[in-house]
Amino acid sequence: MRNTFLLNGKETAFKPGQMILEAARNGGVEIPTLCYLKGTAPSGACRICLVEVKDARSLVAACSTPVTAGMQVFTDSERVHRARKMNVELLLASGKHNCLVCEANGDCRLQDLVYFYKITKPRFAEEEDQYPTENENPFIVRDFSRCILCGRCVQACNEVMVNRAISHGYRGAESKIVTGGDTSYLNSECVFCGQCVEVCPVGALTEKKAKGMGRPWETKKIRTTCPYCGVGCQLWLHIKDGRIVKVTAVEDAQPNQGRLCVKGRFAYDFIYSEERLKHPLIRQENGEFRDASWDEALDLVAAKFKEIIGKNGPDAIAGVSCARSINEDSYQMQKLFRAVIGTNNIDHCART
Ligand code: FES
């Protein structure tokens, strides 16, 4: 039997083992999701991806239901939309989803669904805040009142980054995403890679430094390579008025495939530091530095290099380039050492 199924009446190919969601997307049909996180085991937690399957007793979650040959799937029926809308309304009532003051305004999957279903006010009573916002670490704000318990952060932490710092905790209405011992991120195993923030579909986890810096529609994204270690992770710099608002990973790009570490994601403040050197310094005989012009500093370095190379050859010199300079400068530094000075003794200060 051919591997095809009927998707909204149209014969569509699928691969054995593929879930309805993936097969539908390959077939050009978009199904909304909240908890689905590509590359991880589907949890089926949010029930936003519900679809109708002919002869099935109930609607099924497209993200966690495998396609079978000949299956008839309907993604756009009245029954499907009624159920999805009800689930959106329940999620909307599950916390304080006030978009006006939310950092995720304009980049929120729940907001998108509320808009799509034209929900003007919550049908169900809003739940009271159970847990205070955690704001004590320098990188990540955890606003539990906005958490929809989709579990994407848990999957990103455990299955993507394999840090295993967070999990689902408590039961029923008291459910919460917790660290070991339900302490703050700061006192937990969290390494602040920020992958949980990257995958949060709402405003429950946000970058602290980005707060108030710019709405998503005010920023432009510029792709670059992380300057720190030698891996070459691909980043999006979110820029407003020439300043970095936040950094996210480029999804599906090699080598990091949407992952970042704490340095790549959060350690960009040095760009705006008042302590950056703005001109060369020359160390004097008394050990103190004095300001110098570029000509003077470069002449001195060139003279010293010549002296060392004359006595001991080019391998007597080594260079260490700076992770906090721009990538182009690091490239030129290695070119200078390899092609001009004639040594491979060149490295990068953050290559750990
Ligand atoms: Fe399928 Fe959440 S995306 S249940």
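Atoms within each ligand, like the ligands themselves, are counted from 1 in listed order. Computed from a predicted structure; not experimentally measured.
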* For the pair Arg84 (side chain) and Leu50 (backbone), establish whether a donor and an acceptor sit closer than 3.5 Å, ignoring hydrogens and angles. => yes
Contacts satisfying ring pair (Phe, Tyr, Trp, His ring centres under 6.0 Å) that involve residues 149-196 (not counting sequence neighbours) are Phe139-Phe192
Contacts satisfying ring pair (Phe, Tyr, Trp, His ring centres under 6.0 Å) that involve residues 277-298 (not counting sequence neighbours) are none
Going by chain and number, the hydrophobic cluster around Phe124 (ILVMFWY, side chain to side chain under 4.5 Å) further includes Met86, Leu90
Check: Ion pair present between Asp252 and Lys38, side-chain N to carboxylate O less than 4.0 angstrom?
Finding: yes
Protein N/O/S atoms closer than 2.8 Å to atom 2 (Fe) of ligand 1, ordered by chain and number, come to Cys35 SG, Cys46 SG
Establish, for the pair Arg243 and Tyr272, whether the NZ or CZ atom is under 6.0 angstrom from the six-membered ring centre and no further than 45 degrees off its axis.
yes
